[in-house]
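These figures come from a predicted structure and were not determined experimentally. Numbers restart at 1 for each chain; the letters A, B, ... are given by sequence-line order, proteins then strands.
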Amino acid sequence: MRTHEMRLAGRSVIGHVVETEDDLPAFADWAKQHTELGFDNETTSLDIYQPGFRLRASQFSAGAESWFLPVERHPRFAWYVTQTLRHAKKLYIHNAPFDLQVADRCLGVPLGELFPKTTDTGILSRLVDSRDRKEGGTGHKLEELTAAYIDKVAAEQIKGSVREQCKALKLTKATYFKQVSLDDEFFQIYALMDPVLAWVLAKTLDRKIPASARRLIRYEHEVARICSEISKKGFLLDREYTTELAHNLRLDGEEALQIIEAEVEKLDLDPDDFNPSSNDQVASVIQLLGFSDFKKTPKGKDKVDDALLEQLASEGMTFAKAIKDYKKAIKWASTWPEAFLANADENGRCHANINTMQARTARMSITGIPAQTLPSADWMVRRCFLADEGEVAASVDYSNMELRVMGALAPDPVMIAAFKRGDDLHLLTARAAFGDHITKDDKERKYGKGANFTKAFGGGVNAIVAQYGLPLAAAQKVDRAFDDTYKGVTSFSKKLQKQARRDGYIETATGRRLYVDKERPYSALNYYVQSSSRDITGAAMIRLDKAGFTPMMRLPIHDEVLFSFPQRDAHELAHEAGRLMTQTVGGLEVPTDPEVGGRSWGSLYGADY
DNA sequence: TCCCCGAGCGCC
DNA sequence: AAAGGGCGCTCGGGGA
């Protein structure tokens, strides 16, 4: 047995290192005396489902005492960790979805068993202040929270110690965690401190959660548990199709590159010195070809975007067309199919990492498979993912969720009545602006739609013009018509802005506190709508879970849940999921639209398989 | 070499 | 009066 004495916020912390099996009884004695435990793992990497992933060590803490168990050294250590997890009444973990998926996969303790007794300090932190550090919040990393709430110096030391060790050992951070010896003193101290911090943070943060948001604590842990189950299950990748797609996109890129090089040579430039992915270089070539009327980026550089390349291509500039083709092919290949293939586990399943409260509005984000950003105008990329064997892809999405939530919660009687009648809200706005003769095929309806969305995002006339390319006068008209027609929304926005200016934050329909930047009070309405909408999807996932749908869920995507259903019952299940997800807010129903496709996700977007 | 930012583009 | 919200990913480029 080895012990380390550490300091935290002026107090002494004792860390015990279990080195041999002889040390286990002492650990067991200690563990028996504590029902509430901080917990953390050290692993080879963050890619839980990649081959070669291992749990290296686990640590427990109670108050200012912590223990380190070298799990990878012998199954007996793992067994003690398992028993301790099972017998604990409460667990305090920072970013529990990670550590509980690790425990599930590497120790065989189901995450569904541990989640109900876990308090995740990441969740608590986001309920206290959802903002990231660069947005003016504390941030949510363990170091950031330690610095903000416990001990600035200790936070620096913890972070610094790993960096110094990497330097001293000439390792990158990634290889450090794979290779560092479990006997390494710095590593042990670093590891021993983490569960202590989780413990202290759990107590500290709990007291700081606003009263209105307290009821969200259990709810957010439920959402996190369900999303962890979804991550664990994974989404089946069609490897053959995906490989071919990646290959074809690369070929397209090669072809475009040859044209680019030929064009560059014509200008007496060395193609080897030209990088088609560099906008600076592309801009200078375009200038040589005679175009110089660039729009500027915020930092004052020549703006080279799709719109410009498209314009130049249509004017006959071969170079511009080839750059456009090249960028799309290369970007698509590396962002989608190649990333999927790299992410897939040995069974061909991709495990997306779902950050259930990532955005400052608590909207979810998904990394690994950046599932929320796949092209939707084209089925090509979504075709990569399949329902399980014998199953079909299905989706249930909400109809007009954010506009309905905005109308219902403002409340805005005109909007509510329109939705209840089943009217076309975009047409309604267009008619208010441009006259009752407008029909749904007129371009004015698009302007109405533009105003509806832009206003919900907190935008003004300029935003409508920028997005929808209509004359300024028309934009002013439709902007004014929106304010006059939906007076409830307008005054609600004012009320939120007033609150934001007065308190620095607003409170959503579910009691969540959202801080609003001083310079951007107009964003309050959008925060309110986006966050309240997110909670409708969140609550729906809990209802789906209770009804047994979790094993069939594949991804949550903002206002939509994607499923894999057994083929025979797919329509019935989709209908039932749609019924469960439907929710009434402020007397207005937010209806759902269940859709059953074929084997692939792409089939819901037009693919024939 | 690593890390962070800007630019651009994908989605809701 | 005016104010477009929230993300993830890739690449290039600059600074430590």
Check: Just by distance, do the side chain of A/Y528 and the backbone of A/M406 share a donor-acceptor pair under 3.5 Å?
Finding: no
Next item on the list: Answer yes or no: is there a donor N or O on one side and an acceptor on the other, between the side chain of A/S314 and the main chain of A/Q311, under 3.5 Å?
Entry: yes
Next item on the list: Using the P atom as the reference point in each nucleotide, state the distance between B/dC12 and C/dG4 in Å, no decimals.
Entry: 22 Å
Margin query: Any heavy-atom pair between the side chains of A/I536 and A/Y398 that's under 4.5 Å?
Written below: yes
Checklist line | Minimum side-chain heavy-atom gap A/D302-A/N279 below 4.5 Å | finding: no
Margin query: Over 60° means perpendicular and under 30° means parallel, so tell me whether A/F434 and A/Y447 are parallel, tilted or perpendicular.
Written below: perpendicular
Notebook entry, point to check: Residues two or more places apart in sequence or in another chain: which of them pass ring pair (Phe, Tyr, Trp, His ring centres under 6.0 Å) with A/F187?
Noted result: none
Specify the separation, in whole Å, of atom [atom1] of [X] and atom [atom2] of [N].
X      : N     : atom1 : atom2 : result
A/R131 : C/dG6 : CZ    : P     : 12 Å
A/Y528 : C/dG6 : OH    : C1'   : 18 Å
A/K134 : C/dC7 : NZ    : C1'   : 11 Å

May I ask you to verify if any side-chain N or O of [X] is less than 4.0 angstrom from the OP1 or OP2 atom of [N]?
X      : N      : result
A/Y527 : C/dG6  : yes
A/T361 : C/dG5  : no
A/N526 : C/dG4  : no
A/N275 : C/dG12 : yes
A/R501 : C/dA3  : no
A/S365 : C/dG8  : yes

Mind checking if [X] touches a base, just sugar-phosphate, or nothing, with heavy atoms under 4.0 Å?
X      : value
A/F453 : nothing
A/R534 : nothing
A/G450 : nothing
A/L525 : nothing
A/T454 : nothing

Item checked: Residues in contact with DNA chain C, drawn from residues 477-498 of chain A - heavy-atom cutoff 4.0 Å -> A/Q497
Margin query: Return whichever of A/S277 or A/N355 has its heavy-atom-nearest nucleotide of DNA chain C closer to the 5' end.
Written below: A/N355
Note to self: Could you check whether A/R360 pairs with A/D132 (Lys NZ or Arg NE/NH1/NH2 to Asp/Glu carboxylate O, under 4.0 Å)?
What the structure shows: no
Notebook entry, point to check: Do the charged groups of A/R480 and A/D484 touch, with an N to O distance under 4.0 Å?
Noted result: no
Next item on the list: Classify every nucleotide of nucleotides 6-12 of chain B by which part a protein heavy atom approaches to under 4.0 Å, writing B for the base, S for the sugar-phosphate alone and - for neither, in 5'-to-3' order.
Entry: SSBBBBB
Notebook entry, point to check: Do the numbers put A/R383 on top of the ring of A/Y241, so that NZ or CZ is under 6.0 Å from the six-membered ring centre and no more than 45° off the axis?
Noted result: yes
Item checked: CZ (A/F294) with more than 12 external heavy atoms under 6.0 Å -> yes
Margin query: From C-beta outward on A/T335, which listed nucleotide comes closest to its side chain: C/dA3, C/dT10, C/dG12?
Written below: C/dT10
Notebook entry, point to check: When you measure from the side chain of A/D280, which nucleotide among C/dA3, C/dC9, C/dG13 comes out closest?
Noted result: C/dG13
